[in-house]
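Counting starts at 1 for both ligands and their atoms, following the listed order. Heavy-atom basis, side chains included; hydrogens, waters and symmetry copies ignored.
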Amino acid sequence: MKKVILSVCVLLVGFSSLIQAQHIKSPSEFLGYELGTRFTRHHKVVDYFKYVSSISKNVKLEKYGETNEFRPLYVVYISSEENIANIENIRENNLKQAGIVQGTAALKTGIVWLSYNVHGNEASSTEAAMQTMYTLITTKSEWLKNTLVIIDPCVNPDGRDRYVNWYNQTKSTPYDTNPDAIEHHEPWPGGRPNHYLFDLNRDWAWATQVETQQRLMVYNKWLPHVHVDFHEQYINNPYYFAPAVEPFHEIITDWQRSFQTQIGKNHAKYFDKNGWRYFTKESFDLFYPSYGDTYPTYMGAVGMTYEQAGHGKAGLGIDLANGAVLTLVDRVKHHTTTGLSTVEVASKNTTKLITEFGKFFNNTNLKYKNYIVRGNHTKINQVVSLLNKHQINSYRASQKTIKAFDYYTGTTKSVRINSGDLVISTNQPKGKMVKVLFEPEAKLSDSLTYDITAWSIPFAYGLHGFATTYSIEKSSTTPQTEIVKNNIQKTAYAYVCKWDEVADAAFLGKLLEADFKVRFSHKKFSVDGNQFERGSLVILRGENKHLQNFDELITDISNQMNEKLTPASTGFVDYGADFGSDYVAFIEHKKVAVISGEGTSSLSFGEIWHFFETQLQYPLHIINTAYFNHTDLDEYNVLILPNGFRASEKQLKKITSFAEKGGNVIAIGSALNSFADKEGFNLKRKKDDDESDEDDTAKKDMKKLFIPYNQLERESVKSSITGSIFKSTIDNTHPLAYGYTNTYYSLKLSASAYDVLEDGFNVGYFPEGTTTTSGFAGVEALEKVQNSLLFGIEYQGKGKIIYMVDNPLFRSFWEHGKLFVANAIFFN
Ligand SMILES: [Zn+2]
């Protein structure tokens, strides 16, 4: 009898799990087409994840945000029923393991996070995300007993849908594998970036984009042990997986390195069996901290990039050089295989994974115990807000004198700590990330890297940095963010506002939009005993009589924007220029246009667009290169040429005539080549030594002939700069540099260099003897930096062309450069 009951029970249990298995539709069944035979639009992907989470107890779905185009962002938690029921406990124990939450950890579950489709047009991976979840819960559930898998099926839904919608509209039926077919040629800007055309795989550390900001909140709540970022590369490339190649950042642990290899070998097993081509240990390094492999690595995970052939070129199928056809079906299969294999290895090594993860957060061996930043109050607050995004702690120290390394002089000396200085200790769980972000110079184990090699936050934010090798006591008082409250001053002759950061420019923009008449002072001045620097804004009551409620309006706007207004009782200054002087110049309400579209860098255009809409909050008119020639530029005061734009002869005439009539042209990065070495312009490209001296050329060319073939790539490094910090000299008496001191640390992004202008203003330049402050520069490239231009102005008729050699808006993280752009727009 007992036996009978038992077997009935077994039957029932078996039957119920059978019901569950039968009831979960595969992606193909749910979507109504074989996975990989179409690109699935984002909302259908979301539907599938919602569907599975609604019927499976192994799956929990969580919405963590929304994109600029209002698409939802989700993560899905996949594990055993028991773990899912216990998920909050696992999370808390994991943070205990990292030392972020106090207490002894009792963690038995490994955490693997799989991120798909950060580049929107690398679209096979989101399809693979669906299949990976399905396989895990149906046939690989034994791995889920000790492993929690977190899947972000689509990091960049706006980019993905931009690609998928375009592809679906464009493709032939059946699809055309001929590489010439239109379906293999994505139009500008392509689906890779997000709405503002930012590369989200360069944004993890700076978190300038809403997708990143919202993702970091959930990521830092979890801190997985393994993180994979799924990508696609050129169509003829084999599959790439870990281990990565040098340079590795020095904080990467031996464990992180060796586990990459262990995972890679497991993938290789499956790829070998199927006869799929792959490579490891090449091309993809682990240095720049803002990638989907490095950021997780610096936060304790084994972070990896996997690359399948395909991206926006491949469509549903494309002919390859070797005569084979690469199909979406294959691409999905490969990404599914590596995703599953990653979970398999993690599941087989859970105990070790958890132990080593815990060890990562011990930071007692770091040389510098603290980084200290000093300077502008608002910029310090910006640093605090960036640190908050990474859940990194900072504090203010008590006033005392200490020994510290000075970023400006490169020496260790006595420094008096001020109450406003911000201290960021490495003696906290995320101390390694603190080191990566703040150290004056990251140790580069190999100069062959294709991203920037320097990013130190004090330089990026224009703050004075210090580092100490011992701990500093916390001050008992925590300064609160100052909330400005201006009061109406009906007797004021004028209101005055300082000018030294983008927030001041945003305030000016708001005033101009509200029809205020605003002036700025070309001289330092003092009024009623208050001192102001060049560029300070002066708003005269007598000039704003057209505004009803002038005082109420201006105090409202300034309070809203947290801008301090100083009422002035008189226009008669103690020193400087009186408010009626021509030195207190009128600011025109500028109408600004930017060129976008084919022939411009979508990244650079996106940075300008994002800057205007999210920071400056000032109207920007976007003109596409397709009809630029027919646009009436008389409508505008400022025209911005993004990096990558190269004017045709006709366009150059049009731009020159715009300037001659009084327009301001701002050329960024390689857009300078529209003017360089052209008749009628002073701008001259610095030639490579080989180009300038014939004898030398012969010598160098001979030398080049004997460079061993296997060293050619290394040799090319000598003439390259991929992103390093250089100290420039600034003429801060020129309006373009108001709000700055006479030095500025610039992030130089290429080896292109221009001579200082013979006729015009050299507002920023790199003097003779310049070396890198931080980062790598090849010897030949460094030679060209000497006496080269950074910011220059050349007059054309009534207007001017403003040259910005280094792009101050690059990835929107070089906060200190942004005021140059505002100055270029508003100050004549
Ligand atoms: Zn990619």
Only N/O/S atoms count here: what is the atom of [X] closest to the Zn ion (ligand 1) called?
{"X": "His119", "answer": "ND1"}
{"X": "Glu122", "answer": "OE1"}
{"X": "His231", "answer": "ND1"}

Practice item. I would like to know whether Tyr234 and His311 meet ring pair (Phe, Tyr, Trp, His ring centres under 6.0 Å); could you show each step before the answer? Key: CA-CA 7 Å; Tyr234 295 115; His311 80 102; 5.6 Å; yes
Point to revise | Validation row: Tyr74, Phe49 side chains within 4.5 angstrom (heavy atoms) | key: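 No, their side chains stay 4.5 Å or more apart.
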Check your understanding: Would the number of heavy atoms belonging to other residues, nucleotides or ligands and lying under 6.0 Å from CG of Leu320 be above 12?
Key ->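 Buried by this count: over 12 neighbours within 6.0 Å.
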Practice item. Give a yes/no verdict on a cation-pi contact between Arg160 and Tyr167, requiring under 6.0 Å between NZ or CZ and the six-membered ring centre and an angle within 45° of the axis. Key: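 The answer is no, since Arg160 fails at least one limit relative to Tyr167.
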